[in-house]
Amino acid sequence: MNDTSVSSRQVGRSVDRIESRDKVTGAARYTHNVVLPRMLHAKIVRSVHAHARILSIDTQAAAALPGVFAVVTAQDVLKVIPDPHFGPAFHDQPILAIEKVRHIGEPVAVVLAADPHVAEAAVGLVAVAYEVLPAVFDEVDAAARSDVLVHDVLRPAGTFPDLKHLAGRKGTNVALDYRLRHGDVEGAFARAHRVFDHTFRTQQVMHVPLEPMISIAELQGPRIVVHTASQSPSFVRLEIARLLGWPENRVQVQTRLLGGGFGAKLYIKLEALAVALALIARRPVRVALTMEEQFFHTTKHATTFRLRSAVDAGGRITARRCEVYWNGGAYADIGPRVTQKSGFTAAGPYDIENVDIDSYQVYTNLPPAGAFRGFGITQVVWGYESQADLIARELGLDPVEFRRMNLLVDGRPHGTGTVMKDAALRLVLDRVAERLGWQQPFDRGSGTLRRGRGIGLGFKAMVAPTASVATITAGGDGSCTLLVSTVDMGQGSDTVMAIVAAEVLGLQAEQIHVVHPDTDVTPYDMATLGSRSTFSMGNAVKLAAEDLLRQARSLAEEVGRPFEGMASLPALLKARFGMQAGTVVGTGSFVPSYTSPDGSGRSDDITPNWMIGGSGIEVEVDTETGQFRIVRMENVVDCGTALNPRVVATQISGAAIMQLGATFLENMAFDADGQLQNGSLSEYKIPGMLDVPAHLTAEAVASQQNTGPFGAKGLGESGCFGVASAIAEAIHDAVGVRVMSLPITPEAVFRALRAQRGEPLVDRPEGTITP
């Protein structure tokens, strides 16, 4: 359905972001701009131990400091919220620590004051006495331990049906164990021509949104209003209502533009604390983290990934066993979903008859880990693509040909049993190879500077189950307003939703006004995560716009006039109401199909679509120092129809550059006591302009997602999938050494080179090998 009254199509037109002018002029409003009368500022007293029993909290000196309004502990919170535990997957995280602390940096108490500097000064006057307990930090060690437990009992939230069986489980640090069993893995290993066994590791990193986390809560009569920088306002309302035992309509959640999220602001974070403090103080309360405090709240999982693969004489992969341990830190957050969803694809985009996957979410005494751009995919791609390259080189096969030989094609079932559809794996791989000139000779360097190339290819199953609802209204003059709870955090979703609605209505995208999420006004959306919005909310918006057209046609029939597109709507409304008045409302809901995995971890419908991304890398390595630089970087994705090519290009490049940080720069370094050693931007480095390769490209292949809005699907993460493994492969291709752990630092390369020469350094770090 398309009542086109403008000459140009909106889908495929490069549209400037709706909010771009406000951002560059400084007019854009963020939650940090919210100032309320009588507002108090909260500063947090944090644990100095990774695992300890709280013996006492002395607040007298802090409370006596002039200007301090109150000092709040868990005992105060319990008076207003009897069970103050929250979380999307497990109700395991207390608003303030109760009896125990489980990681350094955990909130123990809060000082409230009208002046944030007074509150900050008083934090140092709160005295907490602890009994220190043994702690666990390594994910593999913690999974095997029953003598040191982070939690006494597992508390699934009930949000996800497939976690309910874990309720009440004791004596373990494993929060979720997803297992897939497909075929006869043991038999295939027994018959194999060769078996390859490798272990890969990734490190804990932080999202580093340049707008730090913030939530402000205020009581308004019988209701509470939460202003928050959140990726999931609908879930925040649901969870706050549950904590308070209130109906959802007494909780209002408002968001504005976000200065970055990447998963850090997903589900519920500071909102529960802000609400509890507002209830206690009976005044508006602002909880705003510093950049340094963000390192304590949510991070990206460190992982250990053991991968065993059986290969026949022709180079076909006949069996694969994957064991992935996810370091979830002290609280589960959304980690169990990361564990399962990434577990689905841990064997890679390959057609393998026999697959076993064990994917474990493990509690440790480190800061919590949750969603991060890629939702766990970057960790597993790092492993399976690194091994693909190692196998190919060992067998004397071209690495790209090895991948082509084993690649899944549309119509073939994935290891879970779900048939691949609309997944341009081969096309993306071929375009990366073509852009890199894979078959062409290139300058391999000379002397101490050598060059090499590598390719990485990854895929992701879109998260499900999921639901999105959209509403679009047309006023008396025919102008349209779109209401969605999708959060624009820099990915350009407001503009994309306007394009979809405008395409249906025959308008220009710039004519659609998009309302920022406000749960009193905008309808439900599960969350803005995992590259789901273009597909899921995009479909809901398309349906809502089509419904609006139906309503307009009905109005035309009612007043006895022809319907001639949206341009005729003002006349129809005037005929109906006798003046410029009235509203026409269209609604759309989208719930994709999904079937939960069975007892063997399999399902014929685990995802609504597959997102594909590949990268090609050329590096130059100094054989004397281990220093390396990326000479060229080619990034290709399958996003179906590119709704807004301008944003598509920047999304691909942005994802690839972000993954560069996790590949060779970023690493949350903890000491033996679990204390973070580099929790500030002066010591924790993210990529800057000088780290971006001079030759950086982005391409979306010509493809269609037949179930997507106008053939589209998400891409916010696809550009990051294959970056890390491609860099490791390129370094190996250049100088013959392989780094098995992230980050790949010049020091790691240098140590591997020294070991290659038979001159290993004494304290060689675990995880580096030579061939």
* Asked: What salt bridge (Lys or Arg N to Asp or Glu O under 4.0 Å) pairs are there with at least one residue in residues 286-303, not counting sequence neighbours?
  -> Arg46-Glu293

* Structure fact -> Residue pairs passing the salt bridge (Lys or Arg N to Asp or Glu O under 4.0 Å) test with at least one member in residues 94-105, sequence neighbours excluded, are none

Do [X] and [Y] come within less than 4.5 Å of each other through their side chains, counting heavy atoms only?
X: Ile44; Y: Val123; value: no
X: Ser493; Y: Val487; value: no
X: Gln491; Y: Thr528; value: yes
X: Asp92; Y: Tyr363; value: yes
X: Val251; Y: Ile224; value: yes
X: His51; Y: Val150; value: no
X: Leu529; Y: Ser232; value: no
X: Pro743; Y: Gln203; value: yes

* Asked: Does a side-chain N-to-carboxylate-O contact under 4.0 Å join Lys269 and Asp333?
  ->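 Salt bridge flag = yes for Asp333 with Lys269.
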
* To do: State plainly whether the residues Asp138 and Arg201 are in salt-bridge range, i.e. N to O under 4.0 Å.
  =>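 No, Asp138 and Arg201 are not salt-bridged.
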
Under 3.5 Å, side chain of [X] to main-chain N/O of [Y], donor-acceptor pair present?
X: Thr364; Y: Asn327; value: no
X: Gln252; Y: Asp518; value: no
X: Glu239; Y: Gly87; value: yes
X: Gln677; Y: Gln675; value: yes
X: Thr345; Y: Lys460; value: no
X: Asn173; Y: Val148; value: yes
X: Ser533; Y: Gly714; value: no
X: His227; Y: Val35; value: no
X: Thr202; Y: Leu742; value: no
X: Arg155; Y: His91; value: yes

* To do: Show your working on side-chain hydrogen bond (donor to acceptor under 3.5 Å, both in side chains) between Thr339 and Ser359 and close with a plain yes or no.
  => CA-CA 6 Å; Thr339 301; Ser359 186; 5.0 Å; no

[X] and [Y]: side chain donor to acceptor below 3.5 Å:
X: His516; Y: Asp494; value: yes
X: Arg532; Y: Ser468; value: yes
X: Glu683; Y: Asn678; value: no
X: Glu120; Y: His41; value: no

* Asked: Quick one: are the ring centres of His207 and Phe372 less than 6.0 Å apart?
  ->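 Ring centroids of His207 and Phe372 are less than 6.0 Å from each other.
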
* To do: For residues His151 and Tyr331, establish whether the separation of their ring centroids is below 6.0 Å.
  =>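 Between Tyr331 and His151, which both carry aromatic rings, the centre distance is below 6.0 Å.
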
* Candidate list Val108, Leu277, Val110, test side-chain contact (heavy atoms from CB on, under 4.5 Å), partner Leu96, passing option ->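 Passing option: Val110.
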
* To do: Kindly determine whether Gln379 and Thr303 satisfy side-chain hydrogen bond (donor to acceptor under 3.5 Å, both in side chains), including the steps that lead there.
  => CA-CA 7 Å; Gln379 292 98 317; Thr303 56; 5.3 Å; no

* Taking only residues at least two apart or on different chains, which pairs with a member in residues 236-277 satisfy ring-ring contact (aromatic ring centres under 6.0 Å, His included)? -> Phe235-Tyr267

